[in-house]
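In the text below, chain A, chain B and the rest are named by the order of the sequence lines, each starting its count at 1. All values below come from the heavy atoms of this structure, side chains included, with hydrogens, waters and symmetry mates left out.
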Number of protein chains: 2
Amino acid sequence: MARAATTTDAFNAVAEPRRREILDALAGGELAVGDLVELLGLAQPQVSKHLRVLREVGLVDVRDDGRHRLYRVNGAPLRAVHDWVSQYERLWNERFDLMDDVLDELGTRPPTDAGTGQGD
Amino acid sequence: MARAATTTDAFNAVAEPRRREILDALAGGELAVGDLVELLGLAQPQVSKHLRVLREVGLVDVRDDGRHRLYRVNGAPLRAVHDWVSQYERLWNERFDLMDDVLDELGTRPPTDAGTGQGD
DNA sequence: CAAACATATACCCATATGGGAATGCGTCAA
DNA sequence: TTGACGCATTCCCATATGGGTATATGTTTG
């Protein structure tokens, strides 16, 4: 069993720092493999392999251009990641925690709106 | 070198589906290991191991309660993930493109960016 | 056609992984 | 104290990984 394949989903794909670097590099626009090799300072085969993973989860698209292959980002698969992570936003946003504390202390969680006059 | 350790950061920690399930389960509030074992249908040692990973990246906190250990989520480390992914939001959110179009037509684009719009 | 260039693959290897089973250890009950 | 309970840790193993090196495939140029 070991670990799930990195080619499974976007979560796994972007868990690898190099692949995030690749996506960041491609965020500026299409790039050929050779460009990425230079930018990342990685060996060409490694870059190609990472690109393959990214392609398999749909995070990048390719386009043939002579003897070059131009890669570009496709952020769609990141949406799942974003959606999942967003559910926890309140857990790192101090403002929410403070509000919770206050409401807890008051022991009177209002059914709809607190009288403290804060309605975001 | 193989893959980076999963205990390295939140990206790696949440790449594992089981760990996301654990966090989701804990999102409702503190839970003991045994509760998670039941909820996830995993063996106890496996749950403990996943919890350890989550603890090492700071995604959960523990509290001793007699012979139980209550775990709770700490979303802070997810902020880095959220921030990184958010950079790509415009790439999957059509609304941004539409908004770009509208602003273009109105000719009232705020002075922040005068990009010719990177279409597809 | 041959040679040079740009990428993708194949192969090898050290390592991290996650599950399974057994066990260690602290806590509570009798 | 003994025993049951709850959880963490250890050991074993099959597997996926990512880097390194060599090579295959496809394209442009001479």
Side-chain angles (χ1 to χ4, degrees), chain A residues 1-26 30-73, chain B residues 1-26 30-73:
Chain A
M1 319 281 167
R3 153 176 292 204
T6 69
T7 55
T8 293
D9 56 32
F11 280 96
N12 273 293
V14 303
E16 171 63 45
R18 301 299 197 170
R19 285 195 283 266
R20 264 173 303 183
E21 284 182 43
I22 289 181
L23 291 178
D24 288 341
L26 292 177
E30 280 185 337
L31 284 181
V33 179
D35 300 327
L36 291 168
V37 169
E38 261 196 67
L39 286 171
L40 300 189
L42 266 183
Q44 176 267 312
Q46 273 57 272
V47 173
S48 281
K49 283 187 233 173
H50 283 308
L51 284 171
R52 182 178 191 177
V53 172
L54 292 173
R55 241 192 316 159
E56 301 208 344
V57 300
L59 275 168
V60 297
D61 292 325
V62 213
R63 180 167 76 85
D64 262 23
D65 177 42
R67 52 184 173 182
H68 291 245
R69 306 202 78 186
L70 302 181
Y71 283 82
R72 57 183 306 202
V73 188
Chain B
M1 304 351 180
R3 154 175 290 205
T6 69
T7 55
T8 292
D9 55 33
F11 280 96
N12 274 293
V14 303
E16 171 64 43
R18 302 296 198 172
R19 284 195 284 265
R20 262 172 296 165
E21 284 181 44
I22 289 181
L23 291 177
D24 287 341
L26 292 177
E30 281 185 335
L31 284 181
V33 178
D35 300 327
L36 291 168
V37 169
E38 261 197 69
L39 286 172
L40 302 187
L42 266 182
Q44 176 267 312
Q46 274 55 273
V47 172
S48 281
K49 284 187 230 174
H50 282 309
L51 284 171
R52 181 178 191 176
V53 172
L54 292 173
R55 243 192 313 159
E56 301 207 343
V57 300
L59 275 168
V60 298
D61 291 326
V62 213
R63 180 167 77 85
D64 262 23
D65 176 42
R67 50 184 174 181
H68 292 246
R69 304 202 79 186
L70 301 181
Y71 283 82
R72 59 184 305 196
V73 188

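Remark: His50(B) is in phosphate contact with dG19(C), judged by side-chain N or O atoms under 4.0 Å from OP1 or OP2. OP1 or OP2 of dA8(D) lies within a sub-4.0 Å distance of a side-chain N or O belonging to Tyr71(B). Phosphate proximity of dA8(C) to Arg69(A): present, with a side-chain N or O under 4.0 Å from OP1 or OP2. An OP1 or OP2 oxygen of dT27(D) is reached within less than 4.0 angstrom by no side-chain nitrogen or oxygen of His68(A).
Summarising the geometry, the separation between CD on Gln44(B) and P on dT9(D) is reported as 11 Å, rounded to the nearest angstrom. Atom CD of Glu38(A) is separated from atom P of dT7(C) by 11 Å (rounded to the nearest Å). As a whole-Å value, the separation of Arg52(A) CZ from dT25(D) C1' is 14 Å. Computed from coordinates, the Gln46(B) CD to dG18(C) P distance equals 10 Å when rounded to whole Å. Atom pair Asp35(B):CG and dC5(D):P shows a separation of 16 Å (rounding to whole Å applied). Rounded to an integer number of Å, the gap from CZ of Arg67(B) to P of dC25(C) is 19 Å. The distance between atom CG of Asp65(A) and atom P of dG26(D), rounded to the nearest whole Å, is 18 Å. Between Glu16(B) atom CD and dT17(C) atom P the separation is 11 Å, expressed in whole Å.
If you check dA22(C), dT7(C), dG20(D) against the side chain of Lys49(A), the one that comes closest is dG20(D).
Distance alone, capped at 3.5 Å, places no donor-acceptor pair between the Asn12(B) side chain and the Ala15(B) backbone.
By the 4.5 Å heavy-atom criterion applied to side chains, Arg18(B) and Glu21(B) are counted as neighbours. Val14(B) has its side chain within reach of Leu59(B): a pair of non-hydrogen atoms, C-beta onward, lies under 4.5 Å apart. At a threshold of 4.5 Å between non-hydrogen side-chain atoms, the residues Leu54(B) and Leu26(B) do not count as touching. Residues Leu42(B) and Ile22(B) fail the side-chain proximity criterion, which asks for heavy atoms closer than 4.5 Å.
Each of Arg19(A) and Gly66(A) lies near DNA chain D, and the nucleotide nearest Arg19(A) is the one positioned closer to the 5' end.
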